[in-house]
Amino acid sequence: MSRQVLSSTPELDTQVELRGWVRSRRDSKSGISFIALSDGSCFDTIQIVAQNNLANYADILRLTKDCSIIVTGKVVASLGEGQHIEILADNIKILGFVENPDSYPVSPKRHTVEYLREVAHLRPRTNLIAAVMRIRNTVSYAIHQYLQDNGFFWIHTPLITAADAEGAGELFQVTSLDLNNLPKDEQGKVDFKRDFFGSPTFLTVSGQLNAEAYCLGMSKVYTFGPTFRAENSNTTRHLAEFWMVEPEIAFANLMDNALLAKSLLKYVFKTVLDKNADDMGFFAQFINKDVVTRLEQLVNQEFAVLTYTEAIDFLLKSNKSFENEVSWGIDLASEHERWLCEELMQRPTVVTDYPRDIKAFYMRQNDDGKTVAAMDILAPGVGEIIGGAQREERYDVLVARMQEMDISRETLYWYLDLRRFGTVPHAGFGLGLERLISYITGVQNVRDVIPFPRASKSANF
RNA sequence: GCCUCAAUAGCUCAGACGGUUAGAGCGACGGACUGUUAAUCCGCAGGUCGUAGGUUCGAUUCCUACUUGAGGCGCCA
């Protein structure tokens, strides 16, 4: 609508109909009002010129921000400075006034993101949130496009699972039992045989294990959907419900995996720059002046790549005093990750080959006996946006590792089967959609880049 | 889960060593002016000072608890 009108430079004198919400109204006593109209389809508003010969001009003078209207009129060259065309209205139908403009929650002024979270149902009418969501749409579409163009199949892995996939993170339990009247077995414990699925079930924390099954049959697959973690994380980069992309490639090692991750990110960055230049310009003006230039650089520049062991060396030689002491074997703390990508490398940084003792059971053990073929990609200002690994494809090694880490081989028998029947080297990663969007837009809290955030103590709307 | 900070007008904040009428900006509303565009200028309205207790002659101000929000850490995407 307004995007079509604004981007296509339509013929002058074309008759158009536009529907949307009033962003602002300015009147001239000479009997003319200017309405900035938005339908959310693009950043720019379109200017409607309403003259006092309109039958309902008295009502038009009462229009305030976010009143909804349908305008019919003619595309004309603008006499003013800010735009090349405008719409000379010959009819403005008012669909809905705003009842109480003095206390309307998203009045035409700057609001904090914290406040906008409290009115999450109305924040799509702000420049900030609408721009974020247009970019979220572009990013999601670009991810699908890149993977589809490169031979990946989108696999819809289940959201309800019986197994705690990675042993990582608290799970949300799914049940249809009456919590006030739980059935008990002979030992007095809850009898999950009488639950809907006949066993305890949970919301998934990752589609990876299921994706591996399809990878080892269809070669290149990915999952893209919501995942859930019941961790009481109170930070700017955690959500209880978030979206994750998890590609999984067969006949591949860690370097193939890293290459895919980097190419995918570059494609997404380039697509956003091409498609959402106006939205990005807004973020550069109001959120972080570097967001556009850093994306442009990244499209052409290589990411930094270093091993965990090299990273530790850099940290030890940095002469910086960290709160958490650095030594080989520690899990990198946020401050370490931040220093590596923000100060040392000053760009997204791939860290590979972490100590085996701090990583998940399914990661492939390296020949040194100390490390696994894992990789994280760290983004300045956001931290880890990608975590991935080459998977352990050797049955015996995997079984031994599960034993060591006390992971149930009974519930994951099917995952082990994949190593018994035609196993192949394979690798994959998880990309946090919200963290990626946060990095692209400069919007610091992931709660502001998802339409309705779910976090601990917060599931409104 | 741990630590720190905050809560005063629709929003963002200031303020009172505890004492008559709690201030500003933005927004809203009214007016002036103008092919305007974060318009400009003038004016007006708008407050149970988060909730519950406590101390006190008196609490929005001090204390305690609670609630909510934010940031940092941990976990991770």
Side-chain angles (χ1 to χ4, degrees), chain A residues 23-37 44-51 61-62 64-65 76-83 86 88 98-119 122 126-127 166-170 205-208 226-246 261 285-286 323-324 331-335 337-338 358-360 376-379 382-388 429-439 444-447 449-450 455-458 460:
Chain A
R23 277 291 159 73
S24 71
R25 192 198 83 233
R26 300 172 295 277
D27 307 314
S28 165
K29 269 296 175 304
S30 58
I32 184 169
S33 292
F34 302 96
I35 296 166
L37 186 69
D44 286 324
T45 55
I46 195 159
Q47 177 154 284
I48 310 297
V49 180
Q51 293 177 304
L61 290 177
R62 291 169 46 223
T64 58
K65 178 166 184 287
V76 296
S78 179
L79 301 175
E81 289 298 313
Q83 58 283 316
E86 61 195 16
L88 183 59
V98 166
E99 286 180 6
N100 49 342
D102 61 320
S103 60
Y104 178 54
V106 282
S107 57
K109 75 179 283 293
R110 286 247 231 147
H111 295 285
T112 60
V113 288
E114 292 83 8
Y115 170 70
L116 290 174
R117 272 172 229 152
E118 295 171 17
V119 289
L122 296 173
T126 63
N127 280 337
E166 304 184 32
E170 303 276 317
V205 295
S206 164
Q208 179 199 317
T227 46
F228 308 88
R229 302 205 182 158
E231 278 152 12
N232 187 14
S233 302
N234 201 345
T235 76
T236 55
R237 53 196 184 281
H238 289 86
L239 290 164
E241 177 183 283
F242 65 99
W243 283 60
M244 190 153 65
V245 183
E246 296 175 285
Q285 194 183 346
F286 288 102
E323 301 244 321
N324 302 279
D331 206 354
L332 297 179
S334 292
E335 57 173 341
E337 296 182 341
R338 229 179 296 127
I358 57 172
K359 287 294 183 181
D376 283 357
I377 298 186
L378 315 174
V382 181
E384 186 182 339
I385 57 172
I386 282 180
F429 61 84
L431 165 62
L433 186 69
E434 286 76 20
R435 289 185 183 178
L436 177 60
I437 298 165
S438 176
Y439 178 62
Q444 291 192 351
N445 196 317
V446 290
R447 296 179 191 201
V449 304
I450 189 168
S456 166
K457 300 285 187 301
S458 171
N460 296 322

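Chain letters run A, B, ... following the sequence lines, proteins first, then strands; residues in each count from 1.
- Rounded to whole Å, the C1' atom of A28(B) lies 26 Å from the corresponding atom of G69(B).
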Letter per nucleotide, 5' to 3', of nucleotides 25-32 of chain B [B base touched, S only sugar-phosphate touched, - untouched; heavy atoms, 4.0 Å]: -BBSS--S

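- Between C75(B) and G1(B), the two C1' atoms lie 10 Å apart (nearest whole Å).
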Name the pairs: protein N/O against N/O of nucleotides 42-48 of chain B, kept only if under 3.5 Å.
none

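- Within 4.0 Å of Tyr115(A), counting heavy atoms only, lie sugar-phosphate atoms of the nucleic acid but no base atom.
- For Arg435(A), no side-chain nitrogen or oxygen approaches OP1 or OP2 of C76(B) to under 4.0 Å.
- Contacts of Glu434(A) with the nucleic acid, taken as non-hydrogen atoms under 4.0 Å apart, are absent.
- For His238(A) and C76(B), a side-chain-to-base donor-acceptor distance below 3.5 Å is present, hydrogens and geometry of angles not being considered.
- No hydrogens or angles were tested; on distance alone, a donor-acceptor pair under 3.5 Å links the side chain of Glu86(A) to the base of G35(B).
- At the heavy-atom level, Asn445(A) lies under 4.0 Å from the strands shown only through sugar-phosphate atoms.
- Consecutive pairing runs in RNA chain B reach the stem threshold at B:1-7 with B:67-73, B:10-13 with B:23-26, B:29-32 with B:40-43, B:50-54 with B:62-66, where a stem means at least three Watson-Crick or G-U wobble pairs with distances under 3.5 Å.
- The residue Arg23(A) sits apart from the nucleic acid: no heavy atom pair falls under 4.0 Å.
- Here the straight-line distance linking atom CZ of Phe429(A) with atom CD of Glu246(A) works out to 10.0 Å at 0.5 Å rounding.
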